[in-house]
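Let me begin by presenting the structure, written as structure tokens, before commenting on it.
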Amino acid sequence: ETAWHSKMAYATSLVVMALLALGVISFFHSLYMIIPLGLVLTFFYYAVFVVFVSAGENGVVPPAAGAWAANLFFGLLAGGQLLYGRSRLG
């Protein structure tokens with residue numbers, strides 16, 4: 001069950017990473033900050049994803065929660081940054 005959820009969550013991670021990229025771009029305007037931060041966030045996302053999927057497979061957390069935890073965390077992070085960036089501009 002965790003394998004199925006993790007495949008679906010990994011497929012939708014493209015949308016989450018795109019939202020995260022928009023949040024980073026709205027916060028930093030320097031290409032020299034955007035690229036390294038994007039790389040760090042990508043590796044951090046993958047690490048969180050692997051840890052929670054592993055926890056779901058071992059029964060520490062429910063399978064669906066383990067697979068979708070990284071998307072939820074980074075989606076909320078991106079959404080918060082987009083809302084903060086939007087309120088900062090207005």
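- Scanning for side-chain contact (heavy atoms from CB on, under 4.5 Å) contacts around Phe73 gives Phe44, with sequence neighbours left out.
- The two residues Gly23 and Gln81 make their nearest non-hydrogen contact at O-CG, 3.2 Å.
- Using a 4.5 Å cut-off between side-chain heavy atoms of Ile, Leu, Val, Met, Phe, Trp and Tyr, with links allowed through other members, Val48 and Leu76 fall into different hydrophobic clusters.
- We find the CG-CG distance between Leu20 and Leu41 to be 5.0 Å, quoted to the nearest 0.5 Å.
- Shown here are the side-chain contact (heavy atoms from CB on, under 4.5 Å) partners of Val16, two or more places apart in sequence or in another chain: Asn71, Phe74.
- Ala9 and Tyr45 make their closest contact through O-OH, 4.2 Å (heavy atoms, listed as atom of the first residue, atom of the second, distance).
- Phe27 and Val40 end up in different hydrophobic clusters when Ile, Leu, Val, Met, Phe, Trp and Tyr side chains are linked at under 4.5 Å.
- For the pair Ser13/Phe49, no side-chain contact is recorded, criterion being any heavy-atom separation below 4.5 Å from C-beta on.
- Put simply, Tyr84 and Ile34 are part of the same group of oily side chains (I, L, V, M, F, W, Y) that touch within less than 4.5 Å, one to the next.
- Side-chain heavy atoms closer than 4.5 Å link hydrophobic residues (I, L, V, M, F, W, Y) into clusters, and following such links, possibly through other members, connects Met33 to Ile25.
- Rounding to the nearest 0.5 Å places OG of Ser30 at 11.0 Å from CG of Leu37.
- The side-chain contact (heavy atoms from CB on, under 4.5 Å) search around Thr42 returns Met17, not counting sequence neighbours.
- The minimum heavy-atom distance linking Thr12 with Trp68 is given by the pair OG1-CZ3, 3.1 Å.
- Val61 is not connected to Leu72 by any chain of hydrophobic side-chain contacts under 4.5 Å among Ile, Leu, Val, Met, Phe, Trp and Tyr, and they are in different clusters.
- Between Tyr10 and Tyr46, the angle of the ring planes goes over 60°, which puts this pair in the perpendicular group of the 30/60° scheme.
- Across Ser6 and Val53, no two heavy atoms sit closer than the pair CB-CG2, 3.9 Å.
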